[in-house]
Amino acid sequence: MSAAFFSSDIPIEDLTESQRKAVYHVDGPLLVVAGPGSGKTRVIISRIAALINSGVSPYNICAITFTNKAAQEMRTRLEGMGAGTSGAHISTFHSLCVKILRWYGQRAGIGSNFSIYDDNSQKRCMKEAVRVSGVDTSNFAPARMLGVISRFKNDLESPEDIKVRGDDYFMKNTAKIYENYQKILSDNNALDFDDLLVKTAFLLRNHPEVRSELNRRFKYLLVDEYQDTNHAQYQIARGLAIEHSNICVTGDPDQSIYRWRGADIGNILAFETDWPNAVVVKLEENFRSTPNILELADKLIASNKQRKQKTLIPTLERGEDVIVQDYPDDSEEAFSVAREIQKLIYDGSEPSEIAVFYRVNSMSRAIEESLIQKRIPYQVVRGVEFYARKEIRDMLAYLKVMVNPDDDIAFVRAIGTHPRGIGKTTLDKLAIYASENGIGLNKAAEKAHLLDSTTEAIRAKLTMFAAMLEKFRKDAEGEVAPLMERVFSETGLLEYLQTQGSEGESAVENINELINSAAEYDKQIAEPNLTDYLQTIALYSDTDAYDAKSGKVSLMTLHAAKGLEFDNVFIEGLEEGLLPHERSADNQEELEEERRLFFVGITRARRRLFISLARHRVMRGQYLRTVPSQFLYEAGFDLDQINSESSEDAEESDRIEDYYDSQVPQEAPFRVNELVEHMKFGTGRVKEFLNLGEDSIVVVEFSSGKVKSLMLKYAKLTKVNINK
DNA sequence: AGATTAAGTCTTTTT
DNA sequence: GACTTAATCT
């Protein structure tokens, strides 16, 4: 066994004493409480290398990361160390569960070709579940029910558990909806994100032989970001290590930011009770940030009551002061941040070393616009958007129904990708036939000749569609990209999109990009197959879109910032209602989580930290005055001082406020016969104006000849200046 | 059947 | 404003 890769990549003398302990304590339970910037990732990687070096086969190592991105990075770094490290299993909980369910799922009645349902499909199923449960959709809104039931699942509570828990109106019906929802998923041979965890946890609990086999396979388990594990994940980790106790978890209670998703900070706090002979290593030194930044983080997090006392020990020299700046409004904020970024780049900072964090995704637009104006390259870290595109989902629907013929959601979507003479009426009839015979829609379409509720012509169309799917299915083995290409042209989707003008053109481009990425998958995976491909891309996440080598400024939510670091960090929108978010205001625990979220953001910064707030912000289309975040006071900033420091800004703020006040329509903003311009419809002339205040309606005759009545508050109408 | 338009709903964070 | 659904037109 060679120690060469080990000593070259990770010189032992470079590790601190605590880090060394975390790396070399190989057997038995180990808890590594690692503060931000304490070299945690490095410790995990060194630990895996040390295990392999001491004779453990990589095949027996399982590391669980929080995101696919983190897993991929870890694999790359390990592979870079030399041969022999690549057999280790490194993935997220969800990906690991997919694998386990493919191996052992049959024992729990789960076929390996299950679909994984995204938000959209989940919503469709939930809608149906609420409908068949016969309750009022206004009291049991599908979106809300999804959230409620997701929490039950994360806590490993079945519909039966909920049933016995209470017999009040809400609980009783929730249990019923939950039960129906699960029935629908199972009819579709589908699992939602939470089911992946739930089914795996139950598999480990109810099938001791599976648990033993997995304990023998994965002799060493590592779980990163343990503070953000929910109960289901906790049970899975426990089950995977129960027979050998070689479980090493790493995390930081102060960085727990997924409580709303069921994450239980108690898991990490109680680790020593769960594993009585656990060794605990604390990594408190910080090698990332300047003392200026760390003092701020320390001061802020001290306001949290539910935590273990911990200090950040700086190791770097003092640096630049943290800057807090307020701006008159959100667009000023965005513009000024862009200007600061420009300055940084001009002074020699790499764009890839600059990041902007915000609480909600909708805040990205303002800063994007400012960066575009200044021609600063940027990337928005929001990865699922590509796969959420209509045309991409359409394309994938064909593939999903090929792999899983029971997937009715995919079947309906595939039929509706473009007009083919099968509409809603026919689908309704098909659905009735299918449920009467206890089969899926795809099966029903295969038997369309028996569907006497419709015409011969339509029966033929259904039969043809089913035959086409069957034909694809016969060659669904092996590489994905060639198959996709065939599906694209032979279904007629390509041909249809080519008739749809520029919108269709970009759709074709996107699908081609999908085919390219599938080709990439084919190349990278030893034995590519469609089922695996679909299950893999279903688990892509936002953070996976972050490319450290893009050479661009990064824009992302505070949640997506977890695990990353940058020389220069901007955090926007330090306002009450935004950070902390209004939905967390009435709950002390949620408020503490918001505080941790800010803490995570602060501690991403190595050298410079810019915090900003806007005194006014456009929220839900309304221009509102804001209140500075309480977190700023807690962190020791005197807001009044910030205010007085820039009396010009205050004047500017007043001026802008006056301006916006003057914009509130005192009288009709548009007069009859006035020329106006609309973003989409072009120029036109006002025919009529109904002054209903906020709900005013403008009737405009556009140059195309069309007359439209538009809601004033939504229509993007501007006056045309004729003097120009 | 399918396209177009009007009206209504929701709006934090994400695997 | 984004998105879905219901109503209406072709």
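Because the structure is predicted, anything quoted here is derived from the model rather than measured.
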Check the interface with nucleotides 6-9 of chain C: list each N/O to N/O pair with the protein under 3.5 Å, or write none.
none

Handout entry: C:dT4 OP1/OP2 closer than 4.0 Å to side-chain N/O of A:K123
Key = no
Exercise for the section: For A:R420, report the nucleic acid contact type (base, sugar-phosphate, nothing); a contact means any heavy atom under 4.0 Å. Expected result: sugar-phosphate
Practice task
Describe the nucleic acid contact of A:I422 in one word from base, sugar-phosphate, nothing, applying a heavy-atom distance below 4.0 Å.
Solution key: sugar-phosphate
Exercise for the section: Starting from P on B:dC10, measure out to CD on A:E582 and report it in whole angstrom. Expected result: 16 Å
Completion exercise
Whole-Å distance, A:N68 CG to B:dT15 P, equals 8 Å
Exercise for the section: Please determine, for the side chain of A:K127, which listed nucleotide (B:dT14, B:dT15, C:dT5) has the closest atom? Expected result: C:dT5
Problem - Nucleotide B:dT15, atom P - distance to CG of A:N230 in whole Å - result: 13 Å
Exercise for the section: Answer with base, sugar-phosphate or nothing: what part of the nucleic acid does A:T425 contact at a heavy-atom distance below 4.0 Å? Expected result: sugar-phosphate
Exercise for the section: Map A:P419 and A:H94 onto DNA chain B by nearest heavy atom, then report which one ends up closer to the 5' terminus. Expected result: A:P419
Problem - Electrostatic pair A:K153:A:D192 at N-O distance under 4.0 angstrom - result: yes
Practice task
State whether the aromatic ring of A:Y258 stacks on the base of B:dT14, taking stacking to mean ring centres under 5.5 Å apart and ring planes under 30° to each other.
Solution key: no
Problem - Distance test, side-chain N/O of A:R261 to OP1/OP2 of B:dT14, below 4.0 Å - result: no
Handout entry: Atom-pair distance (CD1 on A:I257; P on B:dT15), nearest Å
Key = 11 Å
Exercise for the section: Starting from P on B:dT14, measure out to OH on A:Y358 and report it in whole angstrom. Expected result: 9 Å
Problem - Residue-phosphate contact under 4.0 Å: A:R365 side-chain N/O, C:dG1 OP1/OP2 - result: yes
Practice task
Could you tell me whether a side-chain N or O of A:D228 sits under 3.5 Å from a main-chain N or O of A:Y258, the two making a donor and an acceptor?
Solution key: yes
Exercise for the section: Compare the ring of A:H581 with the six-membered ring in the base of B:dT12 and state whether they stack (centres under 5.5 Å, planes under 30°). Expected result: yes
Practice task
Tell me what A:F93 touches on the nucleic acid: a base, only sugar-phosphate, or nothing, going by heavy atoms under 4.0 Å.
Solution key: nothing
Problem - Centroid separation A:F170 to A:F140 less than 6.0 Å - result: yes
Practice task
Name the orientation class of the two ring planes belonging to A:F566 and A:F357 (parallel below 30°, tilted from 30 to 60°, perpendicular beyond 60°).
Solution key: perpendicular
Practice task
Name the nucleic acid region contacted by A:K562, choosing base, sugar-phosphate or nothing; use a 4.0 angstrom heavy-atom cut-off, strictly under.
Solution key: nothing
Practice task
Under the ring pair (Phe, Tyr, Trp, His ring centres under 6.0 Å) rule, collect the residues that match up with A:F465, sequence neighbours excluded.
Solution key: A:F411
Completion exercise
Rounded to whole Å, CD of A:Q122 lies from P of B:dT15 at a distance of 13 Å
Practice task
Report the residues that fulfil side chain to side chain donor-acceptor pair (under 3.5 Å) with A:S362, sequence neighbours left out, ordered by chain and then residue number.
Solution key: none
Problem - Residues A:R307, A:E592: salt bridge by 4.0 Å N-O rule - result: no
Practice task
To the nearest Å, give me how far apart CG (A:D119) and P (C:dC3) are.
Solution key: 13 Å
Practice task
Determine: side-chain N/O of A:S362 to OP1/OP2 of B:dT12, distance under 4.0 Å, yes or no.
Solution key: no
Problem - Expected output: side-chain A:N154 to main-chain A:R151 donor-acceptor under 3.5 Å - result: no
Practice task
Ignoring backbone atoms, establish whether A:N361 has a side-chain N or O less than 4.0 Å from OP1 or OP2 of B:dT14.
Solution key: yes
Practice task
Select base, sugar-phosphate, or nothing to describe what A:L96 touches, counting heavy atoms under 4.0 Å on all strands.
Solution key: nothing
Fill in the blank from the handout: Between CG of A:N120 and C1' of C:dA2 the distance, given in whole Å, is 13 Å
